[in-house]
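Shown next, in structure tokens, is the structure this report addresses.
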Amino acid sequence: MTLRLHDTATREVRDFVPLEEGKAGIYVCGLTVQSEPHVGHVRSAVNFDVLRRWLTANGYDVHFIRNVTDIDDKILAKAAEQGRPWYNLAFAMHAELTTALASINVLPPTYEPGATGTVPEMIELISILIERGHAYPAADGSGDVYFDVRSWPSYGELTRQGIDDMEPATDADPRGKRDPRDFALWKGYKPSEPESAAWPSPWGKGRPGWHIECSAMASKYLGPAFDIHGGGVDLRFPHHENEQAQSRAAGLPFASYWLHNAWITTAGEKMSKSLGNSLLVPEVLKRVRGIELRFYMVSAHYRSHVEFSFEALDEAAVGFRRIENFLERAATSLGGEVPTGGMLCSEFIEAMDDDLGTPAAVAAIHDVVREGNKLLTEGGDADALRGNAASVRAMLDVLGLDPADPGWTTTGGADDEKLRGAVDVLITALLEDRATARADKDWARADAIRDRIKAAGIEIEDTPSGPKWSI
RNA sequence: GGUGGGUUGGCCGAGAGGCGAGGCAACGGACUGCAAAUCCGUGUACACGGGUUCAAAUCCCGUACCCACCUCCA
């Protein structure tokens with residue numbers, strides 16, 4: 001069985017055939033760093049992180065490029081509003097994004113290029129488009145350069161739309177355009193904008209249009225043709241349509257597969273800052289741990305719309321703890337760590353190969369956990385338990401959810417460790433009292449101690465090897 | 001107007017012609033001093049109306065409602 005992926009261009013799930021055996025080049029449209037990332041943004045990152053991990057697990061040498069758009073209309077507008085330099089806003093939000101992604105164990109990409117660092121490549125690409133008759137400098141002296149959609153017969157093929165059905169592009173003053181659907185490749189400098197946001201070009205001082213950056217960055221870091229291009233559904237049109245048109249018009253074959261992840265919404269609505277701060281990643285992480293948030297996102301298929309709710313999030317967290325508990329109990333029983341490099345069960349592999357069927361993959365993990373719990377209850381077969389637990393750990397690892405992954409431990413500080421040690425001393429003392437009471441069959445006193453500990457938010461569990469506490 | 005997606009049990013969330021994915025919650029049983037954890041068991045779910053078929057949540061036709069994109073967007 002080979003990996004099959006849903007390709008937006010063909011609207012079907014088809015076999016993944018890399019351009020080069022054993023290698024995979026992936027380009028994902030990252031964020032415009034204009035504000036703090038919310039859970040919707042990180043869902044996209046998690047989805048493509050899972051794709052990357054699955055390809056890696058299958059022996060692919062993955063080259064993963066995720067860009068940041070660090071110059072655009074919104075960044076300029078917001079920075080002006082906040083009275084700070086645009087590059088400071090972009091830089092600060094980029095840092096926030098990096099922190100948010102690290103907190104849910106999204107692997108750093110092979111490289112994370114920014115638009116501002118790829119301007120010469122964009123200018124080169126625009127020049128080629130003009131030479132080939134697919135782009136033109138605006139006739140109104142604005143310094144804008146537009147892509148000529150009428151010159152490219154297959155324009156609209158990615159999203160199956162005819163040019164005549166499209167609404168006009170509003171990304172620039174239409175005066176200089178030959179067709180209202182033409183989109184800006186280069187935006188001439190306006191005196192109302194900071195000079196620091198302008199670069200020299202053959203068409204005068206200006207800054208890049210939105211779409212051209214991705215064509216330039218993808219071809220620079222992945223070559224003229226590459227395997228997979230990903231992003232959120234909203235990017236299909238115009239962004240990806242335009243990227244493909246301008247790249248191919250310039251003679252670049254571009255992406256073989258287009259993958260798009262669905263939204264995470266709240267109250268049926270797309271996330272936006274107007275919905276309040278509660279869905280910013282740091283806010284959500286006050287309620288659940290990063291690993292639990294990630295589990296919540298991975299439990300739904302990447303092409304399914306998720307209606308975010310704290311209830312569902314809490315429930316997912318409970319479900320994940322069940323898996324985590326099993327690994328802890330297995331480790332204790334095995335007298336050490338659960339080994340890495342376990343076998344992936346066939347249901348899991350099948351699910352993942354079928355367009356990254358993470359919900360079925362998670363179900364497969366639950367099945368193995370149940371088997372393992374049975375082995376723990378029955379005692380005895382340590383080899384079977386070891387294989388079982390290692391399998392669970394390996395499957396979690398593919399999803400970026402291995403609790404022992406160092407990616408998770410960095411989030412807890414030294415203070416947490418100290419606090420935990422202190423609590424352990426106190427709880428252990430109380431548990432000794434309780435043990436004495438139980439030995440005396442003084443159940444009322446034993447339960448009173450347990451209730452008191454529970455009131456502090458700590459659960460007590462009696463195991464064959466003695467009582468255990470957990471928060 | 002154009003393009004695409006959706007509606008599944010108390011809740012979340014898969015599946016895509018025939019055996020009830022899985023989780024959470026609930027109930028019963030085992031275990032336990034009682035719990036917790038764990039295991040076992042318990043469910044007449046597929047928006048509505050027709051149709052095709054031996055068989056439909058799944059295919060077809062129609063209806064309703066919801067959502068996304070159509071040049072700011074994960």
Side-chain angles (χ1 to χ4, degrees), chain A residues 8 11 28-32 34 37-48 69 72-75 77 149 156 159-172 180-184 209-211 230-239 241-242 260-265 268-272 295-296 299-301 303-307 309 311-323 325-326 329 347 351 354 357-367 369-370 372-374 376-378 438 441-444 446-447 450-451 454 459-463 467-468 470:
Chain A
T8 304
R11 286 193 305 183
V28 175
C29 284
L31 279 190
T32 297
Q34 47 147 337
H38 56 57
V39 289
H41 295 131
V42 297
R43 177 189 189 189
S44 181
V46 166
N47 288 153
F48 290 107
T69 298
D72 88 320
D73 294 359
K74 270 204 166 173
I75 293 173
V149 297
T159 49
R160 292 160 198 262
Q161 300 182 85
I163 293 180
D164 296 318
D165 292 325
M166 292 176 191
E167 292 174 7
T170 57
D171 61 341
R181 268 76 79 175
D182 289 352
F183 58 90
W210 176 33
H211 318 293
V233 273
D234 55 316
L235 296 178
R236 282 178 308 193
F237 192 90
H239 189 50
E241 187 71 70
N242 291 355
H260 290 102
N261 67 275
W263 295 105
I264 195 161
T265 59
E269 300 206 4
K270 206 159 116 169
M271 268 183 205
S272 72
F295 181 76
Y296 172 62
S299 301
H301 188 90
R303 283 193 288 122
S304 290
H305 164 150
V306 169
E307 170 67 21
S309 76
E311 292 71 25
L313 180 66
D314 290 344
E315 196 182 275
V318 171
F320 185 72
R321 280 178 213 139
R322 174 184 154 81
I323 298 171
N325 278 345
F326 162 67
R329 297 203 305 144
E347 289 82 2
D354 184 11
T358 52
V362 168
I365 293 175
H366 278 295
D367 286 342
V369 166
R370 190 177 311 105
N373 273 324
K374 225 180 282 185
L376 272 170
T377 309
E378 289 160 6
R438 292 181 75 203
K441 296 202 190 297
D442 183 351
W443 309 125
D447 291 349
R450 186 172 61 197
D451 290 346
K454 190 175 178 173
E459 288 290 338
I460 298 303
E461 205 183 305
D462 290 324
T463 73
K468 267 181 58 186
S470 57

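Every chain is numbered from 1 and lettered A, B, ... according to where its sequence line falls, protein lines coming before strand lines.
Spacing of C1' atoms, C46(B) relative to U38(B), comes out at 32 Å, to the nearest Å. Taking atom C1' in both G13(B) and A45(B), one finds a spacing of 12 Å when rounded to whole Å. Taking the P atom of each, C12(B) and A47(B) are spaced 14 Å apart, rounded to whole Å. Taking atom C1' on both A25(B) and G62(B), the two are 38 Å apart, rounded to the nearest angstrom. When the C1' atom is used for both G43(B) and U63(B), the distance is 30 Å, rounded to whole Å. One P atom belongs to G17(B), the other to C60(B), and the distance between them is 11 Å to the nearest Å. Nucleotides A16(B) and C34(B) place their P atoms 46 Å apart, quoted to the nearest Å.
The base of A37(B) has none of its N or O atoms less than 3.5 Å from a complementary donor or acceptor on the side chain of R329(A). Below the 3.5 angstrom threshold, one finds a donor paired with an acceptor across the side chain of R438(A) and the base of G33(B). You won't find any donor-acceptor pair under 3.5 Å spanning the side chain of R322(A) and the base of C24(B), going by distance alone. The base of C39(B) has none of its N or O atoms less than 3.5 Å from a complementary donor or acceptor on the side chain of K374(A). Side-chain to base pairing of D447(A) with G33(B): one donor and one acceptor N or O lie within less than 3.5 Å of each other.
Here T8(A) lies out of heavy-atom contact (under 4.0 Å) with every strand. Residue N242(A) is classed as a base contact, given a heavy-atom separation below 4.0 Å to a base. The residue L376(A) sits apart from the nucleic acid: no heavy atom pair falls under 4.0 Å. At a threshold of 4.0 angstrom between heavy atoms, the contacts of I460(A) include nucleobase atoms, whether or not backbone atoms are also involved.
Electrostatic pairing of D462(A) and R438(A) counts as a salt bridge here, judged by a charged N lying under 4.0 Å from a carboxylate O. Between R450(A) and D447(A) a salt bridge is recorded (basic side-chain N to carboxylate O distance below 4.0 Å).
Between Q161(A) and the options T159(A), D165(A), D164(A), a side-chain hydrogen bond (donor to acceptor under 3.5 Å, both in side chains) holds for only T159(A).
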Give me the distances for all protein-to-nucleotides 12-17 of chain B N/O pairs that come in under 3.5 Å?
| from | atom 1 | to | atom 2 | distance (Å) |
| --- | --- | --- | --- | --- |
| A14(B) | OP1 | H301(A) | N | 2.8 |
| A14(B) | OP1 | S304(A) | OG | 3.0 |

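Considering only residues two or more places apart in sequence or on other chains, E347(A) meets the side chain to side chain contact (heavy atoms under 4.5 Å, CB included) condition with C345(A), A364(A).
N261(A) and S44(A) form a side-chain donor-acceptor contact under 3.5 Å, judged by distance and modelled atom types alone.
Aromatic ring orientation, H211(A) versus F183(A): perpendicular (interplanar angle above 60°, classes split at 30° and 60°).
In RNA chain B, consecutive stretches of 3 or more Watson-Crick or G-U wobble pairs with both distances under 3.5 Å are given as paired ranges: B:1-7 with B:64-70, B:10-12 with B:22-24, B:26-30 with B:38-42, B:47-51 with B:59-63.
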